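Take a look at the structure below.
Below, chains carry the letters A, B, ... as their sequence lines are ordered, and counting in each starts from 1. All figures in this text were calculated on a predicted structure; none of them were measured in a lab. Heavy atoms only: backbone and side chains are in, while hydrogens, waters and symmetry mates are out.
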Amino acid sequence: MTPSKRAEADLPGGASAQADTAAWVEALYRGMLLIRRFEERVYRLFLEGEIPGTLHQYHGQEAVAVGVCDVLRPDDWITSTHRPHGHALAKGVSARAAMAELYGKRTGCCAGKGGSMHLGDPSVGMLPAIAIVGGGNTVVTGLGLAMKLRKSDQVAACFFGEGATNEGAFHEGLNFAAVERLPIVLVCENNLYGASTPYHRVSLVPDVAERAKAYGVPARIVDGMDVLAVRAATAEAVASARTGAGPTLIECKTYRFTGHSRSDACDYRTDDEEAEWAARDPLLVHGARLEQEAIEQLEAGVRAELDDAVEFARSSPLPEPHEALDGVYA
Amino acid sequence: MTPSKRAEADLPGGASAQADTAAWVEALYRGMLLIRRFEERVYRLFLEGEIPGTLHQYHGQEAVAVGVCDVLRPDDWITSTHRPHGHALAKGVSARAAMAELYGKRTGCCAGKGGSMHLGDPSVGMLPAIAIVGGGNTVVTGLGLAMKLRKSDQVAACFFGEGATNEGAFHEGLNFAAVERLPIVLVCENNLYGASTPYHRVSLVPDVAERAKAYGVPARIVDGMDVLAVRAATAEAVASARTGAGPTLIECKTYRFTGHSRSDACDYRTDDEEAEWAARDPLLVHGARLEQEAIEQLEAGVRAELDDAVEFARSSPLPEPHEALDGVYA
Amino acid sequence: MPETTVETRRLTIAEALREAIAEEMRRDEDVFLLGEDVGVEGGFGGAFGVYLGLVEEFGHERIIDTPISEKAIAGAAVGAAVLGMRPVADMQYADFLFECMDELVNQAAKLRYMSGGKLSVPMVMRAPVGTTLRGAQHGQCPESYFVHVPGLKVVAPSDAYHAKGILKSAIRDDNPVLVFEHKLLYGSKGREAAGGFDLTAEVPTDDYTVPIGKAIIKRSGIDVTLVATHVSLYRALAAADQLASEGIECEVIDPLTLNPLDEQAIFGSVQKTGRLVIVHEDTLTGGWGAEVAARVADDCLAYLEAPIKRIATRDVPAPAAPVLEQAIVPQVETIVATVKEMLG
Amino acid sequence: MPETTVETRRLTIAEALREAIAEEMRRDEDVFLLGEDVGVEGGFGGAFGVYLGLVEEFGHERIIDTPISEKAIAGAAVGAAVLGMRPVADMQYADFLFECMDELVNQAAKLRYMSGGKLSVPMVMRAPVGTTLRGAQHGQCPESYFVHVPGLKVVAPSDAYHAKGILKSAIRDDNPVLVFEHKLLYGSKGREAAGGFDLTAEVPTDDYTVPIGKAIIKRSGIDVTLVATHVSLYRALAAADQLASEGIECEVIDPLTLNPLDEQAIFGSVQKTGRLVIVHEDTLTGGWGAEVAARVADDCLAYLEAPIKRIATRDVPAPAAPVLEQAIVPQVETIVATVKEMLG
Ligand SMILES: Cc1ncc(C[n+]2csc(CCOP(=O)(O)OP(=O)(O)O)c2C)c(N)n1
Ligand SMILES: Cc1ncc(C[n+]2csc(CCOP(=O)(O)OP(=O)(O)O)c2C)c(N)n1
Ligand SMILES: [Mg+2]
Ligand SMILES: [Mg+2]
């Protein structure tokens, strides 16, 4: 049983099961590490002028993407946001295809047309990321509706920030999902800020989970810095969705370790606050469950994977200019 | 002290105050009666082909418009919906100006340009009614914001149906009003149906008031068939808004006695349900507080007022075709 | 137009649309309908009765009554389409499309391209248009906004035969297609507005489709080309009748599809007539008539014997009073006068 | 252009806009600003830094940080304007306007008319446009959608002098005005994109305004008229430079206001040159260039010596890869080649 096949199963007991568990704990760590190192590389390559465009990075929130996607099957779907690198890697977009996309290469997961803000790949169950805040929250209802109408037991997960909960899309999407009992998991990454704006200045209700009540939707608040906590809550929500019980909202309390976008110095946050959250780094939290040696091995593996990804992206061909005109219509 | 000046005051005690009270109780009844008879006339005139266009009528919900507007001052504002006749009359649009507008005459409150769905008049503190469901819910925040910025003690009330609460506009407007502590009263007329659709099929939460919690906004549920109940809740909400405490949502449980629009036979409602609500007719409920003689006098007065209004509308000039081009830009 | 050998009946546009949806739903399990008030028992069958009877046949699973949430309706259609379903979404009035522009413009139209062509969005959005005494927020003809969106297709049928056939094409198309119909043309009530024309049409009993992207020559002529849709089309035809009695032969073209536009049909006609009048009920400035004029002014300039004229609703919101509404919407007399002036 | 006697400094567009807002807020208590991230301490001063420093001077009462709620932003602006305030609303990217189309198209543009002319909606909506490597949802130039809305005014300044002056006019205007600026032109970074042109301009220190509805002749010429805005304007100027060296004299017009369009300025130029090329970064089909072309094909047909050409962004969503983006957006070479072909 590979980690991703574990799906809704509980942590296994017994001897060989314990080996399984260890491998799975490592796999979760590796998933987060890949995102962290990917983001670090990408940031450097961006500063060096190799990667064009703009970036919204995922450092700090790795436990959410990995914890959620670990529960999902390949034929489950996710929607993502302007900050999609972590979601993409966690759902199974290869580092090569993601990196090449950031480079604007034809081998990218969107053939160079999506770029950082629209990473995604239908073949692994990820829509091109929607960079309109809240945009995924209505579209995901359609994914759920298709699954329901086809009586499949697939599930769709929708990632969004706490800032998105003030959009009309959050409201309409959640209510429709509730009424139709769609197989959807709403994953709110509450990192306290929408761009520079702290949530407490734009919502009198500090917990997004509170809002779910307005729609009769069950909600859970979890430690978004602990991949196992995220995973456990997701497993419950996914199981419930698969059996037709409708949507669940999971609010993951988390923090982005970088600026909102590439040029943000985060002067609207205090050093204390940043330090406090840095101490809860998901790699530290989960790393404590691994041997140091294992971590080093994983680092090496990830480094190799990213070396390869960068090499792949660099050596990939640019799209031909005329390709810009393809793919608008089917 | 005229009834509308009574504003947030409690029902008065004492002898002359009791006369006042009686006059005020009558005034409330008259306000509702005017709406009821107005709607009945309009419907007949529409069927006879005298009134063009389309109609969404207010029969049955009179206690809401009258109860709310009785608390408001002339310099307070309201926003209204596709079903605005009652709100307009209650806020002070004259029966003449309203009727002429329905006739498409130049003397109408919107010079013939608004029609049934956009009745309103800035000079009595009523925006042209917004016939986009939920449309008033964002615009009203601007009214409130202007009042707050100018440090006036005005208040803006926003009428909307329970159906509107599923629009993104409800969500964004309410949250923004809450965060900015705007002097707004949100008046939800929960008449159980949005067009043919019962609310319980489009919301898992039957009480709209429940939704207010998601924004930290206090909410009250009141008997929307009793003008005094509506008035009392509004008085509290308005007082709180005037002192800067922010918005309140009032959910008025009510029922429309006619179809959604002119051609609706209401086959989606049961006779039993209709009969049950007919027994709670706001004119009956409040009529019980008046002498029969007083009621007959009021009927006569209203009849005369409406005879005059129809006569005024009939004899008013049509707009000149070229006037269609005026008034787009200031 | 139906061939003479096929069996036909006369249907209104509303009946034809209903048949199209029912037949497609029978043919393909992936087709479903969603919108406000589309399937409530004892209800309206949609704002204009087009869906009456569908819920009885297909049940609430495939005829989905939604909350009043246009963003959810459009977003759900987009998402379901991505997974291969073929949603037919209903907007009671086209005026409400402004509530779900993001879902249409930023999502439906772009997801395929953003994915590098890896996915498709085979959805239909139906939206009734038309200035019909309901005032400024229920009387718009917003086709032109969507003509401007790369990734969307826009069709505007004006009779029962083409409405049924092109709706079927839209449902089978792998792209998002917006279908705009005119409220006055649904049944027989609009007959007067259409200048007395019979709005029913012969519709084959057998399955057929009408292609997206092909215009229809409604009437042949050599003096001037009239391009028009919906009620304006019937007014153009009425004008052509009047003008014919004065010896002026108009060629009347129903573009049927506004994007992709069948420009060749229009170019061909203008090359023959040398004169072009475009008539639409959408407002003038920035309306789709401008696009037609611009293309002709580029491709057919040498053939033009007169300035290109556009007759459109005046640049104002729709007023409620009948006398005012009438004053802003293109009328037969204006078309007649314009053509005469061009030729005089 | 500033007269020689007034005192001026060179400013970027961002600086000029900031000054305009600050001066208007000082002048008129009713002016205030609202939008996302506009006034957070330690924040960005809006998505492009235009508002830096404003909250320090005017406080959070008049510089209002909103939730991420575009409908609330636009709706609040509408409502406040009705009561006589003069809100300046901020849309971080013009792409997000699709989230508040109802408030803009159905409310802001129509309330005055619906009221029979009894009220006004003196609001401003600022929205940065432009294809700048951010992909399909952060690279649109959606001016044309709003040009189509009766009741709205649409301006598109391209240098600091006009940006400041016309934003002031917009704030003082009693109608809803959408102000579209190009992201690449805010500071000095866009210089390269603009063909090396200096994007700063001399801006008077004293109060001045630039009228809405008046075009600017940026360069005089007799052979062909180029109409363009934003980055395309600078590319048109660069093309004109190149063409001049080959003896072709272009007249380059910045319409500045897209609605109401200064058609007389364009007609006058076309009557002189007989040739018209419109260049814009909005996509081709249904873009505002079509309206310009249609008006000229109506009013100036007899003067035209060549087909009217439109050079616009290709009809696709904006791709992310630089090489693809470059392929769809109008470039200097295309303008040069088009003009030569027209004259050849
Ligand atoms: C509709 C819309 N409005 C505004 C933006 C600009 N914007 C991009 S990200 C962002 C903040 C989002 O905050 P949140 O949802 O909390 O996500 P986070 O960035 O914290 O991951 C904003 C305002 C946008 N992309 N879309
Ligand atoms: C945005 C929008 N969607 C749909 C409609 C069509 N419509 C008009 S009234 C109505 C029902 C409204 O229900 P509710 O808000 O409960 O008000 P009620 O009619 O019961 O007074 C609908 C769907 C509309 N006018 N605007
Ligand atoms: Mg956030
Ligand atoms: Mg209702």
Side-chain angles (χ1 to χ4, degrees), chain A residues 132-141 145 160 162-182 184 186 188 190 194 197-219 221 240 244-249 251, chain B residues 132-141 145 160 162-182 184 186 188 190 194 197-219 221 240 244-249 251:
Chain A
I132 299 296
V133 169
N137 293 60
T138 57
V139 173
V140 74
T141 65
L145 197 53
F160 57 100
E162 86 297 333
T165 65
N166 290 330
E167 288 281 7
F170 168 80
H171 175 75
E172 294 194 13
L174 186 48
N175 185 56
F176 186 59
V179 171
E180 291 291 323
R181 301 212 178 279
L182 301 179
I184 288 177
L186 292 134
C188 179
N190 187 342
T197 305
Y199 194 56
H200 65 79
R201 276 188 52 190
V202 289
S203 169
L204 297 185
V205 176
D207 293 327
V208 169
E210 271 299 301
R211 292 209 174 167
K213 290 187 192 154
Y215 312 95
V217 168
I221 296 178
S240 146
T248 303
L249 186 147
E251 177 179 4
Chain B
I132 298 295
V133 170
N137 294 60
T138 57
V139 174
V140 74
T141 64
L145 197 53
F160 58 99
E162 87 298 333
T165 66
N166 290 330
E167 288 281 8
F170 168 80
H171 175 74
E172 294 194 14
L174 186 48
N175 185 57
F176 186 59
V179 171
E180 290 292 323
R181 302 212 177 279
L182 300 180
I184 289 177
L186 292 134
C188 179
N190 187 342
T197 306
Y199 194 57
H200 66 79
R201 276 188 52 191
V202 288
S203 169
L204 297 185
V205 176
D207 294 326
V208 169
E210 271 299 301
R211 293 209 173 167
K213 291 187 191 152
Y215 312 95
V217 168
I221 297 178
S240 145
T248 303
L249 187 148
E251 178 179 5

* Asked: Is there a side-chain contact between B/His171 and A/Asn175, using heavy atoms and a 4.5 Å cut-off?
  -> no

* Count the heavy-atom pairs under 4.5 Å between each of B/Gly173, B/Gly134, B/Ala214 and chain A, then report the option with the highest count. => B/Ala214

* Pick one of side chain, backbone, both or neither for B/Glu167, based on which atoms fall under 4.5 Å of a heavy atom in chain A. => both

* Can you tell which part of B/Phe176 gets under 4.5 Å to a heavy atom of chain A, answering side chain, backbone, both or neither? => neither

* Asked: Looking at NZ of B/Lys213 and CG of A/Leu204, how far apart are the two atoms once the value is rounded to the nearest 0.5 Å?
  -> 15.5 Å

* Asked: Would you find more than 12 non-hydrogen atoms of other residues, nucleotides or ligands less than 6.0 Å from B/Arg201 atom CZ?
  -> yes

* B/Asn166 versus chain A, the contacting section by heavy-atom distance below 4.5 Å -> both

* Structure fact -> The interface call for B/Val202 against chain A, heavy-atom contacts under 4.5 Å, is backbone

